[in-house]
There are 2 protein chains.
Amino acid sequence: MVVQGEISDVAALLGDPARAKMMVALLGGKALTATEMALEADITPQTASGHLAKLLARQLITVQKQGRHKYFQLHGSEVAALLETLLNLSANIDHSTVKTGPKDPGMRQARVCYDHLAGTQSVALRDSLLGRGILVEESGQLALTGAGLAWFKGRGVDIETLSKKPRPLCKNCLDWSERRHHLAGALGAWILSDLLEKKWVERDLDSRTVRFSDSGTRQFSKTYLEA
Amino acid sequence: MVVQGEISDVAALLGDPARAKMMVALLGGKALTATEMALEADITPQTASGHLAKLLARQLITVQKQGRHKYFQLHGSEVAALLETLLNLSANIDHSTVKTGPKDPGMRQARVCYDHLAGTQSVALRDSLLGRGILVEESGQLALTGAGLAWFKGRGVDIETLSKKPRPLCKNCLDWSERRHHLAGALGAWILSDLLEKKWVERDLDSRTVRFSDSGTRQFSKTYLEA
DNA sequence: TCCATACTTCGTTCGCCGCCGAAGTATGCC
DNA sequence: GGCATACTTCGGCGGCGAACGAAGTATGGA
């Protein structure tokens with residue numbers, strides 16, 4: 001009996017189309033039930049149940065039981081990062097002819113990437129923050145400047161608390177559709193939750209798409225995009 | 001016929017134990033021939049040939065033909081990063097009881113991680129550079145300081161040239177055996193090649209292990225580890 | 001020219017695993 | 001209690017694909 005975890009075991013779990021679909025569905029960040037994921041992957045609940053048991057055994061996902069429902073989530077951002085890497089690598093194939101990313105224009109424009117925003121809007125956001133000296137990029141790494149610290153504090157962000165988390169504050173994340181970096185990390189996560197709380201954007205019920213309201217677009221643009 | 005690359009296709013390639021072994025063998029950074037990899041994975045050459053064709057089709061590896069030999073390598077550091085992530089995730093399983101990393105003490109101490117150094121020595125290296133103000137870490141991101149720039153220039157590193165490459169200069173890379181970060185990126189790669197060129201370390205012929213010579217240990221310690 | 005070596009292609013076997021139907025357990029609502 | 005819903009377990013079917021033997025194609029050296 002093999003005790004040591006083999007790299008092929010983990011990869012094989014993601015190598016099944018149904019399981020992969022289920023995992024990508026979880027990339028949306030929402031906790032999903034077993035039946036929801038079964039629908040997502042076009043399989044019966046009992047098949048999904050088997051898959052979920054395997055994913056749990058390898059600790060790629062976590063469960064929370066709530067009455068007769070079981071809510072599944074990705075096991076931390078490490079697993080999410082693995083999925084992102086896979087998405088980018090699989091999109092890279094034959095990059096001369098194949099259009100990258102989703103076809104849905106709404107999803108191209110703005111979608112959830114585990115816990116932060118992705119899509120054209122989010123690439124524009126990163127560009128703007130860099131252009132205004134709120135963020136700097138040094139040898140491929142993002143960092144908050146002193147001016148940026150003040151700026152975010154003025155917007156009500158508790159940077160000290162965010163910094164204490166065991167994850168980078170700012171992080172580049174390669175955008176699946178845009179092929180450019182957008183802002184991830186604790187700060188990226190904060191911005192998304194802030195947008196949701198302020199109701200500038202609204203999550204689609206059954207996809208990763210997020211929709212900007214009319215006033216949300218205006219306010220987002222004024223706050224984050226205009227110099 | 002599916003044109004768009006599916007994430008499960010890539011994962012499935014790494015999901016086969018034989019193929020996974022072949023890919024991990026390439027993590028050593030050396031180009032290998034088909035038969036060498038067949039030996040590594042305990043399969044016959046014709047089976048390996050089939051695997052390699054599939055890996056090539058998905059552009060996870062590259063070939064270079066040289067006479068009757070074919071030399072295979074990983075297709076860039078993106079693929080290497082994917083393998084690293086998988087290694088770490090699979091080692092994470094049952095972390096309460098399972099010893100992580102390799103059993104070979106030499107390999108624990110120093111080994112090659114695609115193009116840079118890994119193992120206890122390399123973790124010590126990063127700690128020392130941070131402690132001496134040559135590198136700084138800001139919200140999980142490594143960066144070279146002004147003092148560090150001067151220090152590396154004094155050691156003959158052409159930082160300008162290194163910075164021009166489309167990859168981060170300094171990068172944290174989670175160490176498989178140590179579970180702590182070591183130094184990766186263009187600078188990490190430069191240090192390894194410098195150690196090899198100066199003959200302070202020598203690569204093992206058929207593993208990822210690198211061995212420090214007696215004088216190499218002394219000089220490495222004096223140069224990089226002592227304040 | 002002849003042989004050895006490196007790699008590939010083809011055909012066959014065989015085991016694993018994803019899948020569903022049917023039946024079983026837990027939970028909540030009326 | 002009775003019924004619906006969510007999830008699980010079991011058993012058997014079916015197909016994909018990894019593996020090797022055998023034979024075929026390049027390359028290099030004697």
Side-chain angles (χ1 to χ4, degrees), chain A residues 1-2 5-26 30-73 90 206, chain B residues 1-2 5-26 30-73 90 206:
Chain A
M1 175 182 152
V2 183
E6 287 277 343
I7 145 175
S8 56
D9 295 339
V10 177
L13 285 178
L14 301 175
D16 175 73
R19 276 192 301 255
K21 276 181 202 161
M22 292 163 61
M23 291 295 276
V24 170
L26 287 179
K30 283 189 208 161
L32 300 176
T33 67
T35 2
E36 282 171 334
M37 300 176 74
L39 282 175
E40 191 72 35
D42 287 311
I43 49 177
T44 56
Q46 63 266 36
T47 306
S49 176
H51 286 322
L52 289 169
K54 287 174 194 173
L55 291 169
L56 272 174
R58 282 289 167 184
Q59 307 189 9
L60 294 183
I61 55 175
T62 58
V63 218
Q64 242 178 312
K65 209 174 172 180
Q66 218 166 95
R68 53 181 165 176
H69 294 277
K70 275 184 156 184
Y71 289 98
F72 296 89
Q73 278 184 294
S90 50
D206 38 38
Chain B
M1 177 180 152
V2 181
E6 286 276 342
I7 147 174
S8 55
D9 295 339
V10 177
L13 285 178
L14 300 175
D16 176 73
R19 274 192 301 256
K21 275 182 203 161
M22 291 163 60
M23 291 295 276
V24 171
L26 286 179
K30 282 190 208 162
L32 300 177
T33 67
T35 5
E36 283 170 334
M37 299 176 76
L39 282 175
E40 192 70 36
D42 286 311
I43 50 178
T44 56
Q46 64 265 35
T47 306
S49 176
H51 286 322
L52 289 168
K54 287 173 192 170
L55 292 168
L56 271 174
R58 282 289 166 185
Q59 307 189 8
L60 294 183
I61 55 175
T62 59
V63 219
Q64 240 179 315
K65 208 173 173 181
Q66 218 164 93
R68 52 182 166 177
H69 295 277
K70 274 186 157 183
Y71 290 98
F72 296 89
Q73 277 184 294
S90 49
D206 37 40

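Below, chains carry the letters A, B, ... as their sequence lines are ordered, and counting in each starts from 1. What's counted below: heavy atoms across the whole structure, side chains too, no hydrogens, waters or symmetry copies.
Contact between the side-chain N/O atoms of B:Thr44 and the OP1/OP2 oxygens of D:dC20 is found at a separation under 4.0 Å. For the OP1/OP2 pair of D:dA18 and a distance below 4.0 Å, the side-chain nitrogens and oxygens of B:Arg19 include at least one atom meeting the criterion. At least one side-chain nitrogen or oxygen of B:Lys54 sits closer than 4.0 Å to the OP1 or OP2 atom of D:dA18. For the pair A:Thr47 and C:dC20, the criterion of a side-chain N or O lying under 4.0 Å from OP1 or OP2 is met. Residue B:Ser49 places no side-chain N or O under 4.0 Å from the OP1 or OP2 atom of C:dC7. Between B:Lys70 and D:dA26 there is no side-chain N or O to OP1 or OP2 distance below 4.0 Å. Of the side-chain N and O atoms in B:Lys65, one or more sit less than 4.0 angstrom from OP1 or OP2 of D:dT27. In this structure, A:His69 does not reach the D:dT5 phosphate: none of its side-chain N or O atoms is under 4.0 Å from OP1 or OP2.
Every residue two or more places apart in sequence or in another chain was checked for a side-chain hydrogen bond (donor to acceptor under 3.5 Å, both in side chains) with B:Thr35, and none qualifies.
Within 4.0 Å of B:Ala18, counting heavy atoms only, lie sugar-phosphate atoms of the nucleic acid but no base atom.
For the pair A:Leu56 CG and D:dC7 P, the computed distance is 13 Å after rounding to whole Å. Note: CG (B:Leu14) to P (D:dA18) measures 12 Å, nearest angstrom. Atoms CG (B:Leu39) and P (C:dC7) sit 11 Å apart, rounded to a whole Å. Here D:dG17 presents its P atom at 19 Å from CD of B:Gln46, a figure rounded to the nearest Å. Between the CD atom of B:Glu36 and the P atom of C:dT5 there is a distance of 16 Å, given to the nearest Å. Rounded to an integer number of Å, the gap from B:Asp9 CG to D:dC16 P is 14 Å. Regarding B:Ile61, its CD1 atom lies at a distance of 12 Å from the P atom of C:dC7, rounded to whole Å. Rounded to whole Å, atom C1' of C:dC16 lies 14 Å from atom NE2 of A:His51.
For B:Ile43, whose side chain is taken as the heavy atoms from C-beta onward, the closest listed nucleotide among C:dC19, D:dA19, C:dA22 is D:dA19. Considering only the side chain of B:Thr33, C:dC7 comes nearest among C:dC7, C:dC19, D:dC7.
Of all the heavy atoms in B:Ala31 and B:Gln73, the pair that sits closest is CB-CG, 3.5 Å.
In this structure, the separation between CG on A:Leu56 and NZ on A:Lys70 is 7.0 Å, given to the nearest 0.5 Å. Atom CG of residue B:Leu14 and atom CG of residue B:Leu55 lie 7.5 Å apart, to the nearest 0.5 angstrom.
A:Arg58 places no side-chain N or O within 3.5 Å of a backbone atom of A:Val10 that could act as its donor or acceptor partner.
Take the nearest nucleotide of DNA chain C for B:Arg68 and for B:Phe72: the residue whose nucleotide is more 5' is B:Arg68.
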